[in-house]
Amino acid sequence: VQLQASGGGLVQAGDSLRLSCVASGYTFSGYDMAWFRQGPGKSRVFVAAITGSGATTYYAKSKKGRFTISRDNAKNTVYLESNSLTPEDTAVYYCATGTRGQGAYGLRYYEDYGMEYLGKGTQVTVSS
């Protein structure tokens with residue numbers, strides 16, 4: 001399993017950004033995908049997740065409304081779009097994949113327990 005995130009950079013407060021993550025080495029459509037982030041001096045936290053088909057999404061309560069997760073299974077790519085960025089959004093953003101949330105617990109599983117595979121992150125810095 002390989003996950004390569006991209007699209008980070010230096011942006012200004014109020015800007016929008018779209019991150020991408022290209023996956024390889026497994027059957028992409030059969031796996032849920034998610035984004036996590038880790039701010040400076042903070043623990044890594046869950047942002048959003050999406051099922052293999054793309055039909056269902058789940059967001060951390062504090063992220064709902066400003067972040068949108070989506071995927072293109074034809075391109076083995078998952079996206080995270082964000083708007084109205086603030087300096088508090090400064091973090092390394094990681095994409096991840098797994099299947100443990102495909103049971104009754106659902107995508108919320110990943111918020112509580114993380115995911116099986118985590119890729120290298122992409123840095124997002126929001127200046128004020």
Side-chain angles (χ1 to χ4, degrees):
V1 173
Q2 292 191 339
L3 303 169
Q4 183 62 57
S6 63
L10 176 63
V11 298
Q12 293 189 335
D15 283 354
S16 300
L17 195 65
R18 187 174 85 158
L19 305 179
S20 301
C21 174
V22 178
S24 61
Y26 67 104
T27 304
F28 182 70
S29 61
Y31 282 64
D32 300 329
M33 298 294 297
W35 288 93
F36 294 79
R37 73 182 191 184
Q38 185 167 14
K42 299 180 181 179
S43 301
R44 187 163 59 233
V45 297
F46 172 86
V47 176
I50 187 168
T51 54
S53 68
T56 303
T57 57
Y58 176 79
Y59 296 87
K61 282 186 179 178
S62 61
K63 311 295 187 295
K64 198 168 185 179
R66 290 198 304 120
F67 291 82
T68 302
I69 188 171
S70 61
R71 65 191 294 162
D72 184 339
N73 285 348
K75 296 182 179 179
N76 281 15
T77 302
V78 63
Y79 305 98
L80 182 69
E81 295 185 71
S82 55
N83 56 54
S84 301
L85 289 165
T86 73
E88 288 67 40
D89 295 313
T90 294
V92 178
Y93 285 73
Y94 300 88
C95 64
T97 191
T99 60
R100 291 174 183 164
Q102 292 180 355
Y105 207 95
L107 295 174
R108 182 182 171 183
Y109 179 97
Y110 303 121
E111 181 176 31
D112 294 339
Y113 301 107
M115 270 186 146
E116 294 98 298
Y117 303 98
L118 191 72
K120 294 182 180 179
T122 184
Q123 175 72 48
V124 174
T125 302
V126 185
S127 64
S128 58

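Side-chain atoms of L3 and Y94, non-hydrogen and from C-beta on, never get closer than 4.5 Å to each other. Residues D112 and Y105 are in side-chain contact: their nearest non-hydrogen atoms beyond the backbone lie under 4.5 Å apart. Side-chain contact check for E88 versus V126: every heavy-atom pair is 4.5 Å or farther apart.
With hydrogens and angles ignored, the 3.5 Å screen pairs no side-chain donor or acceptor of S84 with any backbone N or O of G14.
With a 6.0 Å radius and a threshold of 12 heavy atoms from other residues, nucleotides or ligands, Q2 has its CD atom at or below the threshold. For Y26, the OH atom counts as densely surrounded, since its 6.0 Å shell holds more than 12 non-hydrogen atoms of other residues, nucleotides or ligands.
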### Query
Stepwise, does the side-chain contact (heavy atoms from CB on, under 4.5 Å) test hold for T77 with F28?
CA-CA 8 Å; T77 302; F28 182 70; 5.6 Å; no
### Task
Given side-chain contact (heavy atoms from CB on, under 4.5 Å), test T97 with C95 step by step and report yes or no.
CA-CA 7 Å; T97 191; C95 64; over 6 Å; no
### Task
Kindly indicate, with the supporting measurements, whether the criterion side-chain contact (heavy atoms from CB on, under 4.5 Å) is fulfilled by Y93 and C21.
CA-CA 10 Å; Y93 285 73; C21 174; over 6 Å; no
#### Entry: Worked verdict on R66 versus S82 for side-chain contact (heavy atoms from CB on, under 4.5 Å)
CA-CA 6 Å; R66 290 198 304 120; S82 55; 5.7 Å; no
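A salt bridge (Lys or Arg N to Asp or Glu O under 4.0 Å) check over residues 34-60, counting only residues at least two apart or in different chains, returns the pairs R37-D89. Pairs passing the salt bridge (Lys or Arg N to Asp or Glu O under 4.0 Å) check and including a residue from residues 93-104, sequence neighbours excluded, read R100-E116.
Closest non-hydrogen pair, G8 versus L17, comes out as CA-CD2, 4.5 Å.
Side-chain rings of F46 and Y58 approach one another, their centers coming within less than 6.0 Å.
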